[in-house]
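In what follows, a single structure is set out as structure tokens and then discussed.
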Amino acid sequence: MTEHFDVIIVGAGLSGIGAGYHLQTACPDKTYAILEGRDAIGGTWDLFRYPGIRSDSDMYTLGYNFKPWMEAKAIADGPSILNYVRETARENGIDQHIRFHHAVKRASWSSDTARWTVEAEHGPDKQIARFTCNFLFMCSGYYDYAGGYDAKFTGTESFKGRIVHPQFWPSDLDYKNKRVVVIGSGATAVTLVPELAKDAAQVTMLQRSPTYVVSVPAEDKMANWLRARLPAMLGYQLVRWRNVLLQMYLYNRSRKAPEKVKAFILKLVQKELGPDYDMAQFTPRYNPWDQRMCLVPDADLFKMIREDKASVVTDHIETFTEKGLKLTSGRELEADIIVTATGLQLKIAGGVQVSVDGRTVNFAKTMSYKGMMYSGVPNLVSAFGYTNASWTLKCDLTCDYVCRLLNHMQARGYTMCMPRQDPNVGEAPWLNLTSGYIQRANDILPRQGAVAPWKLHQNYARDMMLLRFGKIEDGTLEFSAPDRVARSLPAEPVREAA
Ligand SMILES: Cc1cc2nc3c(=O)[nH]c(=O)nc-3n(C[C@H](O)[C@H](O)[C@H](O)COP(=O)(O)OP(=O)(O)OC[C@H]3O[C@@H](n4cnc5c(N)ncnc54)[C@H](O)[C@@H]3O)c2cc1C
């Protein structure tokens, strides 16, 4: 039997649960289901279980716009974030809409029926469950759940200790009094190192090149003060806006005066580590915000370095050896455990094979419309966050837009909307970061255009104007009712039965 829904959301992570909330609030008569490949709500915050897992942006902007973050810590631990997402799902009955163990594999659009047919592998036998829907909302995240980036190190088989990838942290891993090397210098590495250093004999962060690391207070004093005095939502929105504006200011300042921002960050690091510390370890070759910045709460990483429980080595790995790692400088690092925090493997649209009227969609050949739809692909939106601010800021705006779009189509009797690419609009890479994981994914990511609505501004205030208040019918998004034409029905507003 094929079930039909007005909207199918793929993924029950932070975005999918947020999408469910927005949909049932702003489009209460729309039917929807959330298809989730795993057996749990939470996505990232359920999958990653390494010690110390936490956000690297503040929860006042990583939290939903409709549910205040009530905990004392602004930089929150993974379990608290997971709890927040699950609570949202439970409180609002969104969990009742989730079909777990439904890994979506194919989605085929037919213009004749103006519907998607969605096929998901279900249960241990991977039986195919079939659904149809009018609108597909991909909340499937941005990376491969099956595995992280494999840096293809040589000699791994000769290493006598344990090799661990943070995406699949073994719950039985005992690192107490062990020598640990963490390969990498991204958000995961700077989270792991101070946490492991609490119990390990010694932790070394081995990086190919340095990253900007900035310390922020784990608790936001002003937020906690306001929470005790103001209604929860008012205090939350005030802090959210303060943080949005601050992030926008710092990002813009980094773009306009990179040398000054760089000098400022390095001065802060030097202050934490002392005048004798070799600042080369924390001096990147790129400008601030050419790559995502790493935040550390209450300078925990620097503290562990100061106390000599953690250290940083900048070098390249020649090979794994029986005892640890041999570096290109000739130096050897002995280890009992090596953690390969080498990054994520990006994935677009949850790996779903998407086709439109029998033609397979290659997302790399599409242009991203408003950072959420793809040229030539009808009735499909993907939820993505910002690269220079919290994920949920953009996600909330995307959900608002989807609801406006659905209501607009219903009011006008449209059943299909599709961004039509203008061949005269210049192309640029979709994401403007130089990070390895983004560069590696260039051949799967869509392009962005040089002008609106194809240009990605990575700017909350601009997106708010565009997505919450901008015109739905902007001349680029084409509307029609092909199924009604096929059935010779009048183009007047027609409502599908719920
Ligand atoms: C370790 C780590 C820390 C992070 N910290 C921050 C941070 O501090 N701030 C920030 O802004 N961002 C952060 N991010 C980015 C983070 O992923 C987002 O903040 C956010 O959690 C993404 O939510 P999501 O629901 O869009 O995607 P995900 O959390 O990835 O959830 C996607 C869900 O979709 C499901 N799914 C995927 N494909 C399919 C399919 N084909 N069929 C069915 N189900 C499917 C998955 O199983 C998963 O449950 C972090 C990422 C990582 C990995």
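Note that ligands are numbered from 1 as they come in the structure, with each ligand's atoms numbered from 1 the same way.
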Near [X], which atoms of ligand 1 are under 4.0 Å from a heavy atom of that residue?
| X | value |
| --- | --- |
| Gly11 | 33 (C), 34 (O), 35 (C) |
| Ala103 | 42 (N), 43 (C) |
| Tyr142 | 15 (C), 17 (O), 51 (C) |
| Gly37 | 43 (C), 44 (N) |
| Gly43 | 29 (O), 31 (O), 48 (C), 49 (O) |

Suppose we call two aromatic rings close when their centres sit under 6.0 Å apart. Are [X] and [Y] close by that rule?
| X | Y | result |
| --- | --- | --- |
| Tyr374 | Phe363 | yes |
| Phe135 | Tyr32 | no |
| Tyr460 | Trp241 | yes |
| Tyr369 | Trp454 | yes |
| His102 | His122 | yes |
| Tyr251 | Tyr249 | no |

Would you say [X] and ligand 1 have an N/O pair spaced under 3.5 Å apart?
| X | answer |
| --- | --- |
| Ser57 | yes |
| Gly350 | yes |
| Leu62 | no |

Counting heavy atoms only, which part of [X] comes closer than 4.0 Å to ligand 1: side chain, backbone, both or neither?
| X | answer |
| --- | --- |
| Trp391 | both |
| Leu35 | backbone |
| Tyr50 | side chain |

Aromatic ring pairing Phe168/His165, orientation class (parallel under 30°, perpendicular over 60°, tilted between): tilted
Aromatic plane relationship, Tyr60 with Tyr236 - under 30° parallel, 30 to 60° tilted, over 60° perpendicular: tilted
Identify the closest protein heavy atom to [atom]: which residue and atom is it, and at what distance?
| atom | value |
| --- | --- |
| atom 8 (O) of ligand 1 | Asp56 N, 2.4 Å |
| atom 42 (N) of ligand 1 | Val104 N, 2.9 Å |
| atom 28 (P) of ligand 1 | Tyr145 OH, 3.2 Å |

Is [X] close enough to touch ligand 1? Criterion: a residue heavy atom under 4.0 Å from a ligand atom.
| X | result |
| --- | --- |
| His102 | yes |
| Cys139 | yes |
| Phe100 | no |
| Arg292 | yes |
| Trp45 | yes |
| Gly385 | no |

Residues Gln448 and Ser368: side-chain donor-acceptor under 3.5 angstrom: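 On atom types as modelled, these side chains do not qualify, holding no pair under 3.5 Å.
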Arg255 bridged to Asp290 by N-O distance under 4.0 Å: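 Yes, Arg255 and Asp290 are salt-bridged.
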NZ/NE/NH1/NH2 to OD/OE distance under 4.0 Å, Arg242 and Asp58: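 No, no charged N to carboxylate O under 4.0 Å.
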Positive for ring-ring contact (aromatic ring centres under 6.0 Å, His included) with Tyr142, one of Trp430, Tyr437, Tyr386, Trp391: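 Only one of Trp430, Tyr437, Tyr386, Trp391 forms a ring-ring contact (aromatic ring centres under 6.0 Å, His included) with Tyr142, namely Trp391.
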